[in-house]
Amino acid sequence: MHRIAALLVALMLAVPVVWAGELAGVTMNDEVTVGDTTLKLNGMGLRKKMFVKVYVAGLYLEAPTTNDAEVVSAPGAKRVVMHFLTNKATKKKMDSAWVEGFEANSPSEYDAIRDRVVDFKNLFGDMKVGDVIEVTVVPDTGTYVVLNGKENGVIKGDDFGEALLRVWFGVHPPSDELKAGMLGV
């Protein structure tokens, strides 16, 4: 009997764990592929506004980290995936939130990226329950925006991609809970 229990424990420890993230009813893959590069799910966070669960966001990186500055400055592709949980994320509210996030976290860069922020905001309308936004920052190429599986556009410039990442990982994120979850802390 002890041999069987020992064998079962050994087998459980030898089997690699396949993990997919789950939060607020949203499940995300543990890995995604960008070109020839595999990105790993770093963490997931919940964005709440008052009592409304707005979206679950997942952060994908080549080398997972809990350091917010490394998310922005590390070389390689990065992806943020947002799964919307409400019909209250109107275009007007989202536009305001994007501008607030860029201005608060990249104040000295904002004038240089202002036109691209407008282009970025114009890629979205009202967000509904089940809508999914994927933003993939690829250095020296641009920030790819996919809405519900369809590529909506590319915003050029590493400065824009870094400023976008600072919206979530800068000193003034939408919420500390969201930031901490995406950092996996």
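Please read all numbers here as calculations on a predicted model, not as lab measurements.
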When you group the ILVMFWY residues by side-chain heavy-atom contacts below 4.5 Å and let the links chain together, are [Y] and [X] in the same group?
| X | Y | value |
| --- | --- | --- |
| Val32 | Val132 | yes |
| Phe160 | Leu123 | yes |
| Val138 | Val154 | yes |
| Tyr55 | Val81 | no |
| Ile155 | Leu164 | yes |

Are any side-chain N or O atoms of [X] and backbone N or O atoms of [Y], one a donor and one an acceptor, separated by less than 3.5 Å?
| X | Y | result |
| --- | --- | --- |
| Asn105 | Val171 | yes |
| Lys78 | Leu39 | no |
| Glu70 | Ser73 | no |
| Glu103 | Tyr110 | no |
| Asn42 | Met182 | yes |
| Asn87 | Val129 | yes |
| Tyr60 | Thr136 | no |

Working to the nearest 0.5 Å, report the span between [atom1] of [X] and [atom2] of [Y].
| X | Y | atom1 | atom2 | answer |
| --- | --- | --- | --- | --- |
| His83 | Glu134 | NE2 | CD | 7.5 Å |
| Met28 | Asp30 | CE | CG | 12.5 Å |
| Asn29 | Lys40 | CG | NZ | 14.0 Å |
| Leu178 | Leu183 | CG | CG | 9.5 Å |

**Request:** Give me the one residue out of Arg116, Arg114, Arg166 that meets salt bridge (Lys or Arg N to Asp or Glu O under 4.0 Å) with Asp159.
**Result:** Arg116
**Prompt:** Checking salt bridge (Lys or Arg N to Asp or Glu O under 4.0 Å) against Asp95, which of Lys93, Lys92, Lys91 comes through?
**Reply:** Lys91
Do [X] and [Y] have side chains that approach each other closer than 4.5 Å (heavy atoms only, starting at C-beta)?
| X | Y | answer |
| --- | --- | --- |
| Asn122 | Val118 | yes |
| Met82 | Trp168 | yes |
| Val80 | Ile133 | no |
| Asp126 | Lys128 | yes |
| Phe102 | Lys121 | no |
| Leu147 | Met127 | yes |

**Heavy-atom pair with the smallest gap, counting every atom of Leu23 and Val56** = O-CG2, 3.6 Å
**Message:** Please verify the inter-ring angle class for Phe120 with Trp98; under 30° counts as parallel, over 60° as perpendicular, anything in between as tilted.
**Reply:** perpendicular
